[in-house]
Amino acid sequence: KGVCMGVEIAISIAREETRVAVLDNGVVTDLYGDRAKDQDYVGNIYKGRVAKVLPGMQAAFIDIGLEKAAFMHVSDLSIDVEPGDTLVEGDDEDNKDSEVPKPKRQSSKPIEELLSEGQELMVQISKGPIGTKGSRVTTYVSLPGRYLVFMPTVEHIGVSRRIPRDEERARLKEIMKRARRPGFGYIVRTVSEGVKEEELRSDVEFLHVLWQDVLTKRDQQPAPSLLHSDLSLSFRVVRDLFGRRVDRLLIDSREEYNAIKGFVQRFSPEQTSRIHFYDKEESLFDYLGVEQEIARAMSRKVWLKSGGYLVIDHTEAMTVIDVNTGRFVGKRDQEETILRNNLEAAREIAYQVKLRGIGGIIIVDFIDMEREKNRDKVYHALVDAMSSDKARTRISRVSDLGLIEISRERVREDLLRSLSEPCHYCDGRGYTKSPMSVAYEIFREVRRLGHEIEQQRVVVGAHPAVALLLQEQEQPGVEELERRYSAKILVTPDDRLHLEQFDLVVM
């Protein structure tokens, strides 16, 4: 149901979180989530004040107005570099994690000669806070646009390595030499492949206006203060993914729909006809079958159509995927049966690894095959299935033991870790959904019931940890649902329930 034969993006907005799914012919290929509680500071630009200089570490702590002071190493400091210094022109990846090219430092002065306590400077968060550590900041600011990444502190033109054809890269570089503003740097992003010169020029202008806005705020506001924050998840998705290949964009919030339509109207008016407001009774992710795929991506066991299955286990050092025949038993040639099972598993593994965002070392234990040519077929099937993956991957051949080693670049936190926490019931050997995820699942279930609960009392029985969350931290969400459906929602803790279980009774 709800299947579109083509590429579509679904944006589901709720008070507590925004979720985005990318589908290709009805198959979920990417998932993104952003919870209001887990604010992402990466990309934010601040006017900060030096709180402490640490000569021994050649670093400094910068007060940027957040709870913890930010950390900056001397290598991230551009104070001693003259404006307009050039960098050797090269190629750069266009993802958020890539390091922005820097000019060669013109002096080897220690940090204590460059910074002093109380000094004000403009910095950008390059790495968000982790655990007890504050954010990491740099003075080498970069601003991402639709087609370009703008670098006001370095003079440089780079083209994403993910644009494969040399003539296209050369064309884009020539356009940028004409369109650039002197003294500034630009990286041409992957989505620029095939775009016209005027589109790149309009991005140059848009980013320049954005930068002037940052500079105006810097001159007017006291330190510490926020000068610029990156776009929200839904706007980043529209900026980065909503290109000509996308057949439709569905949004279930009228307010966000209007805002995104206005945003696209300014930069790509011809694309606005593909933006649709979703207002059916059934939730958008249920309508498109996305919830079902998220459930599969959270599961340790993944069934294959043939009756075989995968078991996916995460350890501290690596992810291990075991392929099993299950109910899949061949009628004649056992080797042929095993080959078919392994080929199907190879396709599903490529899909699950990308969907779950699994990075680092992945060991796959295929079912043993005796024939060398069959091992080669499975290896090539896996390579082929993973060829569309944007993350850098390296795949070893099948060993005599039937193992394949995959090394995959970490491009985002994997889905399992972002939606779950180590299980208290089994001392960290497995996983449960986090109370927050269960609480949000309850919200979704109430919305799913919709008009059935109007003017009714709804009793929610949940594990005490989930009930406490709903009664305190998430109380505004409960109240919003009560107002929407003119219903009374009563939350009762039940310590007999497992953390992931809940009862919902309409009275």
Side-chain angles (χ1 to χ4, degrees), residues 39-144 149-156 158 183-187 211 214-215 218 223-230 359-360 392 409-413:
Q39 196 178 344
D40 183 11
Y41 297 102
V42 175
N44 284 5
I45 301 172
Y46 295 84
K47 182 178 184 176
R49 183 182 286 113
V50 178
K52 194 165 190 180
V53 179
L54 309 167
M57 293 173 69
Q58 282 301 292
F61 283 118
I62 315 290
D63 176 13
I64 55 174
L66 297 181
E67 192 182 338
K68 295 187 181 84
F71 176 85
M72 182 171 66
H73 189 260
V74 69
S75 61
D76 282 308
L77 186 57
S78 62
I79 281 180
D80 60 326
V81 178
E82 294 301 315
D85 281 334
T86 54
L87 181 92
V88 177
E89 290 187 359
D91 301 318
D92 296 277
E93 299 297 343
D94 60 347
N95 65 47
K96 207 171 183 179
D97 299 324
S98 24
E99 196 176 344
V100 171
K102 300 172 187 174
K104 297 269 191 300
R105 292 177 64 78
Q106 295 214 316
S107 76
S108 53
K109 285 181 188 171
I111 197 161
E112 60 269 28
E113 290 181 27
L114 301 169
L115 290 182
S116 54
E117 285 183 22
Q119 187 176 337
E120 295 181 353
L121 74 165
M122 183 164 60
V123 293
Q124 182 172 37
I125 294 185
S126 56
K127 200 171 189 178
I130 298 173
T132 56
K133 294 178 182 171
S135 305
R136 178 144 185 178
V137 294
T138 176
T139 58
Y140 296 97
V141 173
S142 63
L143 289 172
V149 177
F150 175 57
M151 300 176 300
T153 57
V154 293
E155 193 167 6
H156 164 86
F184 296 117
Y186 303 86
I187 295 174
W211 177 236
V214 171
L215 293 180
R218 181 195 65 180
S225 60
L226 174 67
L227 305 179
H228 169 80
S229 58
D230 200 8
R392 283 194 294 268
E409 173 193 18
R410 291 183 198 277
V411 283
R412 59 184 165 92
E413 188 176 26

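Of the candidates Ile62, Leu226, Asp63, Tyr46 forms a side chain to side chain contact (heavy atoms under 4.5 Å, CB included) with just one, namely Leu226.
Atom CG in Leu227 sits 8.5 Å away from atom CZ in Arg218 (nearest 0.5 Å). One finds the CD1 atom of Ile187 at 5.5 Å from the NE2 atom of His156 (value rounded to the nearest 0.5 Å). Once rounded to the nearest 0.5 Å, the distance linking CD1 of Ile45 with CD1 of Ile64 reads 11.5 Å.
When all heavy atoms are compared, the tightest approach of Ala223 to Gly48 is CB-O, 3.9 Å. Between Val137 and Ala70 the shortest heavy-atom distance is CG1-CB, 3.6 Å. Of all non-hydrogen atoms in Gly65 and Pro224, the two that sit nearest each other are N-CB, 3.4 Å.
Looking at heavy atoms from C-beta onward, His228 lies in side-chain contact with Leu143 at the 4.5 angstrom threshold. Met72 is not listed as a side-chain neighbour of Val50, based on a closest heavy-atom distance of 4.5 Å or more. Side-chain contact between Leu121 and Leu115 is present, with heavy atoms from C-beta onward closer than 4.5 Å. Counting heavy atoms from C-beta outward, Thr139 and Thr153 have side chains that stay 4.5 Å or more apart. Tyr140 has its side chain out of reach of Ser142: every pair of non-hydrogen atoms, C-beta onward, lies at least 4.5 Å apart.
Remark: Tyr186 engages no residue in a side chain to side chain donor-acceptor pair (under 3.5 Å) (not counting sequence neighbours). For Arg136, the side-chain contact (heavy atoms from CB on, under 4.5 Å) criterion is met by Phe71, His73, Ser75, Asp76, Ser126, Lys127, not counting sequence neighbours. In terms of the side-chain contact (heavy atoms from CB on, under 4.5 Å) criterion, residue partners of Glu117 (sequence neighbours excluded) are, by chain and number, Lys52.
Judged by distance alone, with hydrogens and angles left aside, the side-chain atoms of Glu112 form no donor-acceptor pair with the main-chain N or O of Val53 at under 3.5 Å. Looking only at distances, no side-chain donor or acceptor of Lys47 sits under 3.5 Å from a matching main-chain atom of Ser225.
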| request: Quick one: do Ile125 and Leu66 satisfy side-chain contact (heavy atoms from CB on, under 4.5 Å)? Show the steps, please. | output: CA-CA 11 Å; Ile125 294 185; Leu66 297 181; 4.1 Å; yes
